[in-house]
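Below is one structure, written out as structure tokens; the observations come after it.
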Amino acid sequence: MSREGGSHGLDHTRDPCPWVALSDFGGAFCMGAIGGTVWHGIKGFRNSPYSERMIGSITAVKARSPVLGGNFGVWGGMFSTFDCAVKGVRKKEDPWNAIIAGFFTGGALAVRGGPRAIRNGAIGCAILLAVIEGVGIGFQRMMAESTRLEMPPPPPQQTSSGSEGRLAPA
Amino acid sequence: MGVWDVFTGKKTTQTASPSNPEATLRDPAGGSIQPTFDNVSTEDVSSFMNTPGAFDPAALHPLAGLNQDTLDYLTLDDSALSDLPGGRSILPSRGWSDDLCYGTGVTYLTALSIGGTWGLVEGLNRLPPSAPPKLRLNSALNAITRRGPFLGNSAGVVAMMYNGINSIIGHYRGKHDSFNSVAAGGISGMIFKATRGVRPMMISGGIVASVAGSWAVTRKLLFE
């Protein structure tokens, strides 16, 4: 069974570690802001009286989606920073980095709630990231099945097997 | 040892290593075999290592004459390393997604810091210096949490819209220059305040367009 090669963790489209936190922050912010626009737009639309639905939708978007964007952005930036820190400490690239970083991120975001909230948040976030990484690895294996090479048939057996390893008599 | 003598420049004379020319090897069939290696007349390694052409790499392999002239496909021309329009400057960027992510992230964090500082000053000034430090700290934290993320979120949204519109305009025009930046800044400023009325829209559009224009000019002056 062919396994994934050593290039499992090598993603050349991302920048090296200190700067990638900025990029991840911005990307997560944009995802949160645009997703929040859709979500709160629909929610504000549906929760407004009939004659004021558009205004209600726009007001909800203006009030809520930047906040959601900021929350996503902080989560993404913190996760990326912890990921870089864990990679620097462990000096390896594998899915455990993301899971450990998720553990710390979940804990850091729940700091104001006390030790129990920190523990629960950390475990929850680590499980979420374990699921994400597992699904990612599953997809990679599925995609890689289509490019698996078959081993060529072994060469035919040699007939002269006794001519090595013996000193020629004088 | 011959190699180290060559490197350190010492000249030594060594006798040939003593050996036993009487040694014979026994064939499993019982006969004896004369050794064909006559190691009495061995010379020292330095006899050939010290000759001038000893380390000629061309003698190793047909392709061993490696130099810049013959292997010009391996020399990387610096100017051809990246054809992307954003690859030339000190702040490199691979395209619209890089611009969007880095621009939004940096703008958010800058605005967060500015808002946090503003909140800190405001919170500390709200109470006289004679008040107990815990109260002042609490007031400062409240103000930071109120001002910082608000400014950060707003600036991040404006930056996101600006980068998106800038990339769209650049894509449809085919080139990236300061006109795109100013137009994108104006449009995103106007959208940001669109629900307040025409006059705030124009004011906000003007402010963001001028900020975008000055950033484009600064970038061109300093970084390219």
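Within every chain, numbering begins at 1; the chains are lettered A, B, ... in the order of the sequence lines, protein sequences first and strands thereafter.
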Q) What pairs of residues pass the disulfide bond (SG atoms under 2.5 Å apart) test when at least one of them lies in residues 39-107 of chain A, not counting sequence neighbours? A) A:Cys17-A:Cys84
**Q.** Members of residues 102-132 of chain A whose heavy atoms come closer than 4.5 Å to chain B
**A.** none
Q: Please list, in residue-number order, every residue in residues 27-50 of chain A that has a heavy atom less than 4.5 Å from any heavy atom of chain B; write 'none' if there are none.
A: A:Gly27, A:Phe29, A:Cys30, A:Ala33, A:Ile34
Q: Tell me, out of B:Asn163, B:Val106, B:Val157, B:Leu109, who's got the most heavy-atom pairs with chain A below 4.5 Å.
A: B:Val157
Q | Interface residue of largest heavy-atom contact number with chain B, from A:Val67, A:Asp24, A:Ile55, under 4.5 Å | A | A:Val67
Q. For the atom pair CG (A:Leu22) and CG (B:Asp98), what is the distance rounded to the nearest 0.5 Å?
A. 11.5 Å
Q: Please list all pairs passing the side chain to side chain donor-acceptor pair (under 3.5 Å) test where one or both residues lie in residues 52-78 of chain A, with sequence neighbours left out.
A: A:Lys62-B:Thr195
Q: Locate the shortest heavy-atom distance separating A:Ser23 from B:Tyr102; write the atom from each residue and the value.
A: CB-CZ, 3.3 Å
